[in-house]
Amino acid sequence: MYIVGRILEIKRLTCRIKAFTVEVCERVNTTPGQFMMVWIPQVGEIPLSIAYKEDRLLEFIVAKVGRVTGHMHDNLSKGDRLAIRGPYGRGFTLRNVEKCLMIAGGYGLAPLLYLSHELKRRGTEIDVALGFRTREDVFYTNRFDHVADHVWVFTEDGSYGIKGMVTEVMKKHVKLKDYDIVYTCGPELMMFEVVKHCLEQGVKVEASLERVMKCGIGICGSCILDPLGLRVCKDGPVFDGEVLMKINDFGRYWRCLDGRKVPIKSRFNS
Amino acid sequence: MVGSSSLSIELSGLSLRNPLILASGILGTTFSIMKRIEAEGVGAITTKSITREPRDGYPNPVVVELEYGLVNAIGLSNPGIEYFVHEIKLAKRLLKIPLIVSVAGGEIEDIVYVSRRAADAGADAIELNLSCPHVRGMGMELGTDPIMVKEVVESVRKRVSKPLFVKLSPNVTSIVEIGEAAADGGADVLVAINTVKAMVIDVYLKKPILSNRYGGLSGPAIHPIAVRCVYELYENLGDEVEIVGVGGVETWRDAIELILAGASAVGIGTAIVRRGLKVFREIIQGMAHYLEEEGFSSIDEVVGLAHRR
Ligand SMILES: Cc1cc2nc3c(=O)[nH]c(=O)nc-3n(C[C@H](O)[C@H](O)[C@H](O)COP(=O)(O)OP(=O)(O)OC[C@H]3O[C@@H](n4cnc5c(N)ncnc54)[C@H](O)[C@@H]3O)c2cc1C
Ligand SMILES: Cc1cc2nc3c(=O)[nH]c(=O)nc-3n(C[C@H](O)[C@H](O)[C@H](O)COP(=O)(O)O)c2cc1C
Ligand code: FES
């Protein structure tokens with residue numbers, strides 16, 4: 001059943017991204033990497049990663065891409081109610097991590113923000129690389145300041161921070177072998193590169209995937225990954241790199257609402 | 001340890017290693033998840049209901065979780081038969097257990113077409129979903145009218161020689177009347193029941209939650225309804241057809257109850273939400289134990305026992 005939440009604050013982070021802080025009526029037990037299904041009555045319901053949690057406050061970072069996210073950006077304001085179910089899915093590994101690297105692309109930083117705070121509490125040493133397209137897209141880098149030892153910010157055109165793709169951090173800026181684990185979230189082709197490189201270097205890696213979600217509880221079959229038959233909503237959204245390398249769909253195919261597969265390239269190039 | 005009592009059954013000529021069947025619409029969308037569910041021990045798999053054209057289904061929210069069940073209005077989202085033929089072929093190459101392809105549609109012509117394509121692609125049986133309660137202009141209309149039901153089943157029967165299952169809706173005055181029509185049309189197996197028409201309203205937001213407003217209730221809440229329907233069907237049609245009991249089965253007790261009422265096999269759906277995919281193995285072990293304990297040598301002996309006076 002749904003938990004009712006009230007919007008306490010909306011922050012405009014970039015022209016495409018807003019952060020919503022929601023106060024929920026009961027405490028929810030969550031772990032970083034999990035997501036919630038957020039229902040805006042008469043508009044729709046979408047999966048959103050938990051970007052931050054403190055007591056009964058949940059923060060969501062929302063990129064405006066379509067109908068529901070568009071409505072959230074344009075029509076919701078402080079005090080409005082929404083309904084949330086979850087948390088769902090499996091999150092990131094938290095145990096036995098002394099030193100980690102996080103690699104995020106765009107709003108993919110959402111689950112990693114929550115993760116970084118949780119790991120900090122556990123005494124993990126954290127390095128973070130955040131990638132954006134251009135200066136106007138950069139947001140929330142400061143939220144990592146007091147939890148991370150190093151924060152690298154990349155823009156593709158060099159208008160802010162380091163020029164280049166965020167994946168270059170693995171090759172040029174750090175010694176990958178120093179880390180117990182690399183966590184990544186962002187565009188799937190970016191994550192594909194990260195996972196492949198980490199495994200080649202023998203470093204454990206986890207990535208958080210997105211697929212169309214309907215039920216969110218592992219029964220409708222709209223988020224299945226071939227050929228292992230894994231459900232992103234239940235067996236994921238966070239998967240181990242070794243597993244991802246056995247998933248032919250990873251970095252290649254996305255399923256549309258009717259369940260047919262389409263190549264991922266066409267989605268992200270548009 | 002499972003003893004010597006046998007759980008294997010013959011259902012309309014199909015050999016099942018045990019009487020558990022994955023119900024239609026719960027997973028069953030891709031060869032890969034079917035393969036995974038086979039590994040969990042299930043006896044046969046029913047696919048998601050497939051239509052002639054692809055369907056996006058209804059917008060979210062499409063499910064509401066309740067304490068005693070689930071209300072869904074997925075809206076028959078499926079990739080259409082043209083695409084799904086490949087999924088059937090892949091599944092048939094990989095699966096050792098029987099594959100039942102569920103077929104839905106609003107027009108007889110479409111239902112016959114999809115059934116034929118599915119059978120040609122290798123489906124071991126066809127299940128007609130005439131009972132989906134939440135697709136306007138589809139399932140409901142066909143499945144509630146005995147004359148239409150007979151006509152649809154007859155039309156498919158003429159063109160498809162594989163075992164023919166017909167799924168029944170509980171949202172009718174007399175499920176026996178509809179079951180009879182299906183049997184008259186040539187159905188080999190009746191599958192009962194589909195979800196029970198339902199609605200959930202959020203008291204704070206003061207609106208029906210599902211985008212389609214109406215949905216279908218499944219899970220423990222409907223189990224006694226399923227038991228009653230199977231009992232009635234067996235009592236009236238037990239000599240003509242076999243029955244698959246579906247509805248709120250979460251434990252071996254629920255499964256045995258349906259078998260005692262007259263089901264030869266049992267469908268499992270919503271239980272996966274709360275019990276996970278291991279539910280199949282749990283129920284199989286429980287049923288095997290029950291057979292031993294009660295002194296049956298085969299599950300066949302249990303079918304319809306509740307009718308004996
Ligand atoms: C586990 C998970 C966690 C997520 N976390 C976040 C988050 O923290 N912040 C955030 O902004 N978004 C997140 N998303 C993506 C978000 O759910 C989608 O952007 C949203 O569902 C789009 O809804 P819409 O109605 O606005 O767009 P629609 O009108 O439905 O579609 C517009 C465009 O977005 C694409 N799209 C549809 N669904 C998704 C999807 N699930 N993921 C990506 N693109 C999609 C469509 O293909 C289309 O091109 C997450 C998705 C998943 C599966
Ligand atoms: C999410 C969901 C989707 C379903 N989709 C279909 C479907 O496509 N075709 C169909 O014949 N039945 C469908 N059903 C009904 C089930 O097959 C089953 O008859 C019903 O859920 C009762 O069994 P259960 O309580 O074990 O789930 C669906 C049920 C659920 C919960
Ligand atoms: S969203 Fe329904 S199974 Fe994953």
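Keep in mind it's a predicted model, so treat the numbers as computed, not measured. To find a chain, count down the sequence lines: A is the first, B the second, and so on, and within it residues start at 1.
- Here the CH2 atom belonging to A/Trp39 is positioned 5.0 Å from the CD1 atom belonging to B/Ile209, to the nearest 0.5 angstrom.
- Only the side chain of A/Pro41 comes within contact range of chain B, with at least one heavy atom under 4.5 Å from a heavy atom of that chain.
- Only the side chain of B/Thr30 comes within less than 4.5 Å of a heavy atom of chain A; its backbone N, CA, C and O stay farther away.
- Nearest approach of A/Gly218 to B/Ile272, heavy atoms of both residues: O-CG2, 4.2 Å.
- In this structure, A/Lys18 places its NZ atom where more than 12 heavy-atom neighbours from other residues, nucleotides or ligands lie under 6.0 Å away.
- Looking at A/Arg260 and B/Asp56, no side-chain N of the basic residue comes within less than 4.0 Å of a carboxylate O on the acidic one, giving no salt bridge.
- Heavy atoms of B/Phe84 lying under 4.5 Å from chain A are absent altogether.
- Heavy-atom pairs under 4.5 Å with chain A peak, among B/Ser77, B/Ser32, B/Gly276, at B/Ser32.
- Looking at B/Val64, only its side chain comes within 4.5 Å of chain A, counting heavy atoms on both sides.
- Between chain B and the residues A/Leu230, A/Val212, A/Val43, the largest count of heavy-atom pairs under 4.5 Å involves A/Leu230.
- Pairing each heavy atom of A/Tyr2 with each of B/Val63, the nearest pair is OH-O, 4.3 Å.
- For A/Asn29, the CG atom sits in a loose shell: 12 or fewer heavy atoms of surrounding residues, nucleotides or ligands are nearer than 6.0 Å.
- Interface residue B/Leu205: only side-chain heavy atoms are found under 4.5 Å from chain A.
- Interface remark: B/Pro59 contributes side-chain atoms only to the contact with chain A (heavy atom separation under 4.5 Å).
- Only the backbone of A/Leu228 comes within less than 4.5 Å of a heavy atom of chain B; no side-chain atom from C-beta onward does.
- Residue B/Leu66 touches chain A through its side chain alone, counting heavy-atom pairs closer than 4.5 Å.
- No more than 12 heavy atoms of other residues, nucleotides or ligands lie within 6.0 Å of NZ in A/Lys78, so this atom counts as exposed by the packing criterion.
- The number of heavy-atom neighbours closer than 6.0 Å to NZ of B/Lys89, taken from other residues, nucleotides and ligands shown, is 12 or below.
- Looking at A/Ser222 and B/Thr29, their side chains never come closer than 4.5 Å, going by heavy atoms from C-beta outward.
- Atom CZ of A/Arg90 sits in a sparse spot, with 12 or fewer heavy atoms from other residues, nucleotides or ligands closer than 6.0 Å.
- B/Tyr83 has its side chain within reach of A/Lys261: a pair of non-hydrogen atoms, C-beta onward, lies under 4.5 Å apart.
- The number of heavy-atom neighbours closer than 6.0 Å to NZ of A/Lys196, taken from other residues, nucleotides and ligands shown, is 12 or below.
- Highest contact tally toward chain B, considering only A/Gln42, A/Arg231, A/Arg85, is held by A/Arg231 [criterion: heavy-atom pairs under 4.5 Å].
- When the shell of 6.0 Å around CD of A/Glu200 is examined, it contains more than 12 heavy atoms from other residues, nucleotides or ligands.
- With a threshold of 4.5 angstrom between heavy atoms, B/Tyr204 approaches chain A through its backbone and through its side chain.
- Between B/Leu70 and A/Ile219, the closest side-chain pair of non-hydrogen atoms falls below 4.5 Å.
- Counting heavy-atom neighbours within 6.0 Å of A/Glu23 CD, excluding the residue itself, gives a total above 12.
- Proximity to chain A is limited to the side chain of B/Leu277, based on heavy atoms less than 4.5 angstrom apart.
- Heavy atoms of B/Lys35 lying under 4.5 Å from chain A are absent altogether.
- The minimum heavy-atom distance between A/Gly259 and B/Pro79, with the atom names listed, is C-CB, 4.4 Å.
- For the pair A/Val68/B/Asn60, no side-chain contact is recorded, criterion being any heavy-atom separation below 4.5 Å from C-beta on.
- Looking at B/Arg55 and A/Asp258, their side chains never come closer than 4.5 Å, going by heavy atoms from C-beta outward.
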**OP:** Determine, step by step, whether A/Asp235 and B/Arg36 satisfy the salt bridge (charged side-chain N to carboxylate O under 4.0 Å, His left out) criterion, reporting the C-alpha distance in whole Å, the side-chain angles of both residues, the deciding distance to 0.1 Å, and the verdict.
**Re:** CA-CA 12 Å; A/Asp235 306 306; B/Arg36 198 172 154 203; 2.7 Å; yes
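- Heavy atoms closer than 4.5 Å to chain B are found in the side chain of A/Met37, but not in its backbone.
- No other option in B/Val200, B/Leu90, B/Ile26 has as many heavy-atom pairs under 4.5 Å with chain A as B/Ile26.
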